[in-house]
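In what follows, every heavy atom counts, from backbone to side chain, and hydrogens, waters and symmetry copies are set aside. Convention: sequence-line order gives letters A, B, ...; per-chain numbering from 1.
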2 protein chains.
Amino acid sequence: MASKQKTSRKAAAAAIRRPRARAANDGAYAGDTGDDIGLDALVGHAGYAVRRFQLWIFQDFIKTLATVDIRPTQYSVMTVIGANPGLSQMAVAKRLGIERARLVHLLDSLEERDFVSRIPSATDRRSHALHLTTRGKTALAQFKRLAAEHERHVAEKIGKENRERLLQILACFT
Amino acid sequence: MASKQKTSRKAAAAAIRRPRARAANDGAYAGDTGDDIGLDALVGHAGYAVRRFQLWIFQDFIKTLATVDIRPTQYSVMTVIGANPGLSQMAVAKRLGIERARLVHLLDSLEERDFVSRIPSATDRRSHALHLTTRGKTALAQFKRLAAEHERHVAEKIGKENRERLLQILACFT
DNA sequence: GAAAGATTGTTGTTGACGACAACAATTGAT
DNA sequence: ATCAATTGTTGTCGTCAACAACAATCTTTC
């Protein structure tokens, strides 16, 4: 359809496009399968590689933990609370590098599912002491088993040694 | 404020929370600065490290290319088109791992700024042959210089050798 | 050559997520 | 006692991935 199917604001822009004056190899690549396309400067950019990897790894995490319906961020929150009971929301947010505004909704959903409880702090009436419920503790144990399975997928994908090398390189960010 | 400031749906949930029965070390961590908080199982998860790293690297990219107002995804699109003139939108989307629905808006903005032009394909009236405009070509050259500067920031952060090791490990995703 | 199915660009919606700005309650410092 | 800082919360905005639908067009099949 190209410019024909534009209906509203695109119609004007489409009219401007010169239908002539095409350069070099037009249509030559049009039927490409997606492979054998050069990335030029993109190869050699850490950000691009990391983005693609992060996409893959999150999709695998979500898929592996789909049965328990837990997303990576939720898992990280429960893990930190489980390892450090009584933390305030501010402390958790700072530690995980997420905003406290975002943590509010995360905890809302986790509290609705009875995994986490906000207990009024004894020393500071502004803050909550975060704890895992008994249900949350047993649930987290299962999450960790599934997460370990996901981690094995990663090792299969990039290699066992490469995975550990990666963790070592990026340790300064955790 | 804790449970006091809840107004609507949270008021009911707040009433349920037992203000007693707090376990272990309550308030002990409440004043933590954010450091010295154990991550437990989170350390050793590739996904967590990658997420933090990706966040850092994208922020640095955006900051480094703030003067030209180019985001990572826009840069990747222009780079691929520059290296492979005449590609269709489908081919670009497949190659970069972004959806063609998303690429539509990306190209809209790049076309508005006169960096990219959609030329009707000679062989397939459905598709567009994507090209950089002359303005887009000179602009991309500058973007690449700034991107190289960003890449130096990455090398400073994780080390020159580690960066290359990282690129090698994640090469299978690019 | 016509019908059926696949592809391409487009529009729209949904939800997760990061960033920011306000606000009330509370704490801490002066 | 007053003023600044902190904590949780609410809201908005923009980015992004994932889907679903659609019209135009190509390709395949009979």
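The distance from atom CG of Asp124(B) to atom P of dT8(C) is 8 Å, rounded to the nearest whole Å. Atom NZ in Lys94(B) sits roughly 11 Å away from atom C1' in dT8(C) (whole-Å rounding). What separates CD of Gln89(B) from C1' of dT11(C) is a distance of 13 Å, to the nearest Å. Look at CE on Met90(B): it is 14 Å from C1' on dC26(D), rounded to the nearest Å. The distance between atom CG of Asp108(A) and atom C1' of dT10(D), rounded to the nearest whole Å, is 11 Å. When rounded to the nearest whole Å, the span between CG of Leu103(B) and P of dT15(D) equals 16 Å. Atom CG in Asp69(B) sits roughly 13 Å away from atom C1' in dT15(D) (whole-Å rounding).
Checking the phosphate oxygens (OP1, OP2) of dG8(D), no side-chain nitrogen or oxygen of Arg100(A) falls inside 4.0 Å. For the pair Arg118(A) and dT9(D), the criterion of a side-chain N or O lying under 4.0 Å from OP1 or OP2 is met.
Take Phe115(A) and apply the ring-ring contact (aromatic ring centres under 6.0 Å, His included) test, not counting sequence neighbours, and it matches Phe143(A). Residues forming a side chain to side chain donor-acceptor pair (under 3.5 Å) with Gln54(B) (at least two apart in sequence, or on another chain): none. Under the salt bridge (Lys or Arg N to Asp or Glu O under 4.0 Å) criterion, Lys157(B) pairs with no residue, sequence neighbours left out. Every residue was checked against the salt bridge (Lys or Arg N to Asp or Glu O under 4.0 Å) condition with Arg165(A), not counting sequence neighbours, and none meets it. Annotation: side chain to side chain donor-acceptor pair (under 3.5 Å) contacts of Lys160(B) (sequence neighbours excluded): none. Residues satisfying the ring-ring contact (aromatic ring centres under 6.0 Å, His included) criterion with Phe53(A), sequence neighbours excluded, are Phe173(B).
Residue Arg126(A) places a side-chain atom within donor-acceptor reach of the base of dT6(D), judged by atom type and a 3.5 Å distance cut-off alone.
Each of Lys94(B), His128(B), Arg100(B) was scored for a side-chain hydrogen bond (donor to acceptor under 3.5 Å, both in side chains) with Gln89(B), with one residue passing: His128(B). The one candidate from Asp114(A), Thr138(A), Leu110(A) that meets the side-chain contact (heavy atoms from CB on, under 4.5 Å) condition with Thr133(A) is Asp114(A).
A rotation axis mapping the C1' atoms of four pairs onto the next four is fitted at both ends of the helix from dG1(C)-dC30(D) to dT30(C)-dA1(D) over five pairs, and the angle between these axes is 20° to 10 degrees.
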Just list the side-chain donor-acceptor pairs under 3.5 Å for residues 67-77 of chain A, sequence neighbours left out, or say none.
{"from": "Gln74(A)", "atom 1": "OE1", "to": "Arg71(A)", "atom 2": "N", "distance (Å)": "2.9"}
{"from": "Tyr75(A)", "atom 1": "OH", "to": "His45(B)", "atom 2": "NE2", "distance (Å)": "3.1"}
{"from": "Ser76(A)", "atom 1": "OG", "to": "Thr73(A)", "atom 2": "O", "distance (Å)": "2.7"}

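Checked against dG9(C), dG8(D), dT27(C), the side chain of His128(B) finds its nearest nucleotide in dG9(C).
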Please enumerate all protein N or O atoms sitting under 3.5 Å from an N or O of nucleotides 13-20 of chain C, with distances to 0.1 Å.
{"from": "dA16(C)", "atom 1": "O3'", "to": "Arg71(A)", "atom 2": "NH1", "distance (Å)": "3.2"}
{"from": "dC17(C)", "atom 1": "OP1", "to": "Thr73(A)", "atom 2": "OG1", "distance (Å)": "2.8"}
{"from": "dC17(C)", "atom 1": "OP2", "to": "Arg102(A)", "atom 2": "NH2", "distance (Å)": "2.3"}
{"from": "dC17(C)", "atom 1": "O5'", "to": "Arg102(A)", "atom 2": "NH2", "distance (Å)": "3.0"}
{"from": "dG18(C)", "atom 1": "OP1", "to": "Arg51(B)", "atom 2": "NE", "distance (Å)": "3.3"}
{"from": "dG18(C)", "atom 1": "OP1", "to": "Arg51(B)", "atom 2": "NH2", "distance (Å)": "3.0"}
{"from": "dG18(C)", "atom 1": "OP2", "to": "Arg102(A)", "atom 2": "NE", "distance (Å)": "3.4"}
{"from": "dA19(C)", "atom 1": "OP1", "to": "Gln59(B)", "atom 2": "NE2", "distance (Å)": "2.1"}
{"from": "dA19(C)", "atom 1": "N9", "to": "Glu99(A)", "atom 2": "OE2", "distance (Å)": "3.3"}
{"from": "dA19(C)", "atom 1": "N7", "to": "Glu99(A)", "atom 2": "OE1", "distance (Å)": "3.4"}
{"from": "dA19(C)", "atom 1": "N7", "to": "Glu99(A)", "atom 2": "OE2", "distance (Å)": "2.9"}

